[in-house]
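Here the structure comes first, spelled out in structure tokens, and everything after it is commentary.
The basis for the numbers below is simple: all heavy atoms, side chains too, and nothing from hydrogens, waters or symmetry mates.
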Amino acid sequence: ERDDDTQSYVAEEATTATRTDTPIRDVPQSIQIVTRKVIEEQRTFRLQNTLENISGINATDSAASLYDNLILRGFAATDRSYFRNGLLDPFAQFTASDTYNVRRLEVLKGPAAVLYGQGDPGGVINIVTNKPLPNAAYSANVTLGNFHFYRSELDATGPLNADKTVLYRLNVAGQKAGSYIDYANRDLAAIAPSITWLMSSRTTLTVEADYLRRWSNDPYGLPAQGTLLPNLNGPIPRNRSVTLGDFSTFNRTSYRFGYDLTHQFNDKWSIRNAFRHTITEDDNNNLYASPAFLEPDQRTLQRLQVLQPGVARRHANSMVTNVVGHLRLFDMDHTLLTGVELRQEKTDQFIFTFAGAPSLDLFAPDFSLRPLPFDGNRAGFKADNKTAAAYVQDQVTILPNLKFMGGLRFDYVHQFQQSLGGTQQTSDNHAVSPRLGLVYQPIEPLSLYTSWTKGFQPSSAASFNPNGELFKPERSTQYEIGMKTFLLDNRLSATLAWFHLTRENLLTPNPDPALAFQGFSVQTGEQRSQGIELDITAQLMPGWNVITGYAYTDAEVTKDNDLSLLGKRLANVPYNKFTLWSTYYVQEGVLRGFGFGGGLFAYSNRSSSIFGDPVEIPGYIRADGALYYNRDLQKGNWVGAKSMHLALNVRNLLDQRYVATSYNGSPLFFFGEPRTVLATVGLRF
């Protein structure tokens, strides 16, 4: 457990890039970290809000959504991009992970298949959760805000026996909240207990669980007319909902259970075995509506409604075993990592049915209209995905200032899918994923690095070419050159990176119109993203912390059968993104304990889609602000607390009206949040 995660914005080590405790300066790839201190001072409860601090990451969904939809280095992050404590967390994207028990977020940019297997080219998001501590500590927070926001959190840790060999941690969160969108509630209940058993001086076992339930009415976007384009009836209100009002429910529950066992054979060799089982459920009779098209009167929205007549349940198992050894060969120090990984993601029978929904007048909505009856056929599917993998990695200190990293992984993936009433479809894929990197340190604070990495993503078992053959996996390749520096006694960390990332073997419609009409594709598509990224975290002086980043991203279609798509920018990817957040606390005098902070979050214009005649989303600059007061309390006070913490956070300080994103590259758009105010009172014991 890194105590500095709650004290500083700067992190010196990360396990995500190598699965070993390697200093960030020795990793030949960009890896960025958001510590607990940033999360607490910004009061961000969603991943997409927290990760906004990192260059090259953009959200493609509303902050009130039930999903975490993000773009990394120009490419969409899917369920293969999210990890928790180093293990795949395939349902994190669908449950909008909460930060109540998050210690830090580590983002490894670019393909990471050498350690994590099949995945998206943009990178890996690793959620590192709180762990039990040997000294007793307790804290509680209550946060109130506009849009009927109420939230409370509890964090407790300490020993369970006198010898401090059995430790516990308990994190609890409850939230009752609306949002700036009508009917889009954000209610939550979560609990995460964990126990660590220090079995000996060399062996540690941690058992942990996590329960998260969200009661939601998932919002969908609004049409361009009235948001970005003129509307005959005027601008659409920011709070307009296109759901079925009180008739809509979209609730989701996740359960996680797992263990993490480590053993140190001696001072050079160690082993880790970790396992987690995850269950995600969508409630019975979920009913929601999504926009279909806007009538010529530019006020009447035709909608489609979806019903899940049964519980949709998904399961996941993930196990990884790593052996790490430190040895010396040919007068060079080696850190050798070998590992095996087993995964399974299974979807039980997932049944749904479609029907028309009552049309909605966007300027005089009537949410009392009952949903139309469902009289169509049911659709659905079940699926099973199994992975077995083995990998090896060597980190070599060639010279004191020259380090090499090389790795190789082999994956075998079996996929099964069956539509309701259809035939079983299976596929078997395998892939070899390499990574090579070099780090040169001309002076101690400066690291120059270069790397080459490859990734892959199997095509769906339901996708065939006209000959009935399965498609090859998608492949991604990244070249990266950069520099890293740690200054001011490691109180300032900076990474400057240039990258060239290509995604190949994408499915595109068959050039034969008759075959394309039947749904057949060819595997000739290619997309490319390249750019420059700068990330800085710093404690410039006692009490003054900064996190800032800039990204220039040029992402476009480079190959496609549809020649009209060539050269088109990928959806929701701005050429320029700049973020700055800083806080300062008075250290002495009568104002000691008072603090203030603020930030700017700027995006240049973006294309809403690569298809048709996309609407350009204008750029914007959002300003946030915060005030703090921390005070140590005298012993024997009536609440028994050691300290009190007050905070006032304001998001979109100037209450600007702007469009934040298109909904996953569709012609539907989300407004950014209006001015949002959160007041927090916290006690630590």
Side-chain angles (χ1 to χ4, degrees), residues 17 28-30 56 71-83 88 90 108-125 341 343 385-393 405-415 427-437 450-465 467 469-481 499-510 520-531 553-562 565-566 570 573 610:
Q29 202 168 339
S30 178
I71 291 177
L72 283 74
R73 281 194 167 172
F75 295 109
T78 67
D79 55 352
R80 301 290 159 183
S81 297
Y82 296 87
F83 288 74
L88 179 68
L108 176 63
K109 296 181 178 179
V114 68
L115 292 179
Y116 299 102
Q118 56 182 309
D120 304 298
V124 160
I125 300 168
E341 188 167 9
R343 297 176 184 166
N385 185 316
K386 297 178 181 177
T387 302
Y391 51 90
V392 61
Q393 173 186 271
M405 179 185 295
L408 198 68
R409 173 172 171 136
F410 175 80
D411 280 86
Y412 168 76
V413 181
H414 173 77
Q415 296 182 95
S427 69
D428 294 276
N429 290 278
H430 65 274
V432 176
S433 305
R435 173 171 68 174
L436 298 175
T450 182
S451 62
W452 169 71
T453 56
K454 291 187 73 69
F456 81 103
Q457 180 75 284
S459 297
S460 169
S463 298
F464 294 87
N465 61 30
N467 298 324
E469 298 175 350
L470 291 168
F471 290 106
K472 296 182 294 184
E474 292 181 10
R475 297 300 311 217
S476 55
T477 305
Q478 176 177 273
Y479 300 92
E480 183 173 330
I481 300 172
F499 68 93
H500 183 281
L501 178 56
T502 305
R503 184 183 179 193
E504 303 171 298
N505 293 343
L506 297 178
L507 298 185
T508 63
N510 196 290
F520 290 113
S521 304
V522 292
Q523 200 165 24
T524 59
E526 180 183 280
Q527 298 173 350
R528 186 264 300 144
S529 179
Q530 62 184 4
T553 310
D554 178 15
E556 63 179 24
V557 178
T558 49
K559 291 182 182 179
D560 200 282
N561 286 335
D562 186 348
L565 298 182
L566 295 182
L570 300 188
V573 181
I610 64 173

Any idea which heavy atoms bring Pro473 and Phe456 closest together, and the distance? CB-CD1, 4.2 Å

Between Asp560 (side chain only) and Asp562 (backbone N and O only), is there a donor and an acceptor less than 3.5 Å apart? yes

The reported gap from CG in Leu506 to OG in Ser459 (rounded to nearest 0.5 angstrom) is 9.0 Å

Any heavy-atom pair between the side chains of Phe499 and Ser529 that's under 4.5 Å? yes

May I ask you to test the Trp452-Pro434 pair for a side-chain heavy-atom distance under 4.5 Å? yes

Indicate the atoms forming the closest heavy-atom contact of Gln415 with Pro458, along with that distance. NE2-CB, 3.6 Å

Grab the two heavy atoms, one from Thr450 and one from Pro28, that are nearest each other, plus how far apart they are. O-CB, 3.7 Å

Closest heavy-atom pair and its distance - Asn385, Val413: OD1-CG1, 3.7 Å

Euclidean distance, Tyr82 OH relative to Leu88 CG, rounded to 0.5 Å: 12.0 Å

Using the side-chain contact (heavy atoms from CB on, under 4.5 Å) rule, take Asp411 and Thr387 through it: C-alpha gap first, then chi angles, then the decisive distance, then the call. CA-CA 7 Å; Asp411 280 86; Thr387 302; 3.6 Å; yes

Modelled atom types, side-chain donor and acceptor of Asn561 and Thr508, under 3.5 Å: yes

Should Phe471 and Ser427 be marked as a side-chain contact (heavy atoms from CB on, under 4.5 Å) after you check the CA-CA gap, both sets of side-chain angles, and the distance that decides it? CA-CA 9 Å; Phe471 290 106; Ser427 69; over 6 Å; no

I want to check something: taking the side chain as every heavy atom from C-beta on, are Phe75 and Asp120 in contact at a cut-off of under 4.5 Å? no

Do other residues, nucleotides or ligands put more than 12 heavy atoms under 6.0 Å from His500 NE2? yes

Passing option when Thr558 is tested against Arg503, Arg528, Glu526 for side-chain hydrogen bond (donor to acceptor under 3.5 Å, both in side chains): Glu526

To the nearest 0.5 Å, what is the distance between OH (Tyr391) and CG (Leu408)? 13.0 Å

If you compare all heavy atoms of Leu115 against all heavy atoms of Ala17, which two are closest, and at what distance to 0.1 Å? CD1-O, 3.3 Å

Nearest heavy-atom pair of Leu565 and Val557: which atoms, and what distance? O-CB, 3.3 Å

As an exercise, state the distance from CG of Leu436 to CE of Met405, rounded to the nearest 0.5 Å. 10.5 Å

Could you measure the distance from the NZ atom of Lys472 to the CG atom of Asn505? Nearest 0.5 Å is fine. 5.0 Å

Candidate list Gln118, Gln457, Glu504, test side chain to side chain contact (heavy atoms under 4.5 Å, CB included), partner Glu474, passing option: Gln457

Report the residue from Arg435, Lys109, Glu480 that forms a side-chain hydrogen bond (donor to acceptor under 3.5 Å, both in side chains) with Gln29. Arg435

Could you check whether Lys454 and Ser433, counting side-chain N and O atoms only, form a donor-acceptor pair closer than 3.5 Å? no

OG (Ser81) and CD1 (Ile71) are apart, to the nearest 0.5 Å, by 11.5 Å

